[in-house]
Amino acid sequence: VQLQASGGGLVQAGGSLRLSCVASGRTSSSRFMGWFRQTPEKEREFVATIEWSSGYTGYGDSVKGRFTISRDKSKSTMYLQMNDLKPDDTAMYYCAATGGRTIYSQRSEVNAYDFWGQGTLVTVSS
């Protein structure tokens, strides 16, 4: 599975951005797709996940109520709509996909994801 993320940029606090992640290759073998973020000071952090077949979603506590993950199966594309952005949301955002055997309780764990995109930078100014 190959992943290509896009949509990052510079935005003022309170603004919005939508990230996209296009998947190619054996996408049918992935159970979950997700978004993670990382800064130089912190470890990679779980942001949101979606079960590709059902559309069930999950979110990290810091983004609940502000971010929405979705997917368009016909386009093999996952999205992250980010609203009410804060300076603390500044990070490199990565999209990722698991294998087919990942269990539900692992869906927010970095180590559960086998395939990673190149990252797209989001910068939120105060």
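Note that these values count all heavy atoms, side chains included, but never hydrogens, waters or copies made by symmetry.
Taking OG1 from Thr49 and CZ from Arg31, the interatomic distance works out to 9.5 Å, rounded to the nearest 0.5 Å. From Ile69, atom CD1 reaches atom CD of Gln81 across 12.0 Å, with rounding to the nearest 0.5 Å. Atom CZ of residue Phe46 and atom OH of residue Tyr59 lie 9.0 Å apart, to the nearest 0.5 angstrom. Between the CZ atom of Arg107 and the CD1 atom of Ile50 there is a distance of 12.0 Å, given to the nearest 0.5 Å. Residue Arg71 holds its CZ atom at 14.0 Å from SG of Cys21, rounded to the nearest 0.5 Å.
No single ILVMFWY cluster, assembled from side-chain heavy atoms under 4.5 Å apart, contains both Tyr79 and Met33. Transitive grouping of hydrophobic side chains (ILVMFWY, heavy atoms separated by less than 4.5 Å) keeps Leu85 and Phe36 in distinct clusters.
Nearest approach of Gly119 to Met92, heavy atoms of both residues: C-SD, 3.7 Å. Nearest heavy atom pair, residue Thr39 against residue Ala91, reads CG2-CB, 3.7 Å. Between Leu80 and Ala48, the shortest heavy-atom contact is CD1-CB, 4.2 Å. Taking all atoms of both residues into account, the shortest heavy-atom contact from Thr120 to Gly7 is OG1-N, 3.9 Å. Of all the heavy atoms in Met78 and Trp35, the pair that sits closest is CE-NE1, 3.4 Å. Shown here for Trp52 and Ser30, the closest heavy-atom pair between the two residues is CB-O, 4.1 Å.
Side-chain atoms of Gln118 come within 3.5 Å of backbone atoms of Ala5 as a donor-acceptor pair (strictly under, hydrogens ignored).
The side chain to side chain donor-acceptor pair (under 3.5 Å) analysis of residues 88-104, with sequence neighbours excluded, yields the pairs Arg37-Asp89, Arg37-Tyr93, Arg66-Asp89, Thr98-Thr102. The list of side chain to side chain donor-acceptor pair (under 3.5 Å) pairs with a residue in residues 6-23, not counting sequence neighbours, reads Ser16-Asn83.
Counting heavy atoms from C-beta on, the side chains of Met82 and Val11 never come closer than 4.5 Å. Phe67 has its side chain out of reach of Leu19: every pair of non-hydrogen atoms, C-beta onward, lies at least 4.5 Å apart. The side-chain heavy atoms of Tyr113 and Arg44, taken from C-beta on, include no pair separated by under 4.5 Å. Side chains of Ile103 and Phe32 form no contact here, defined as non-hydrogen atoms less than 4.5 Å apart.
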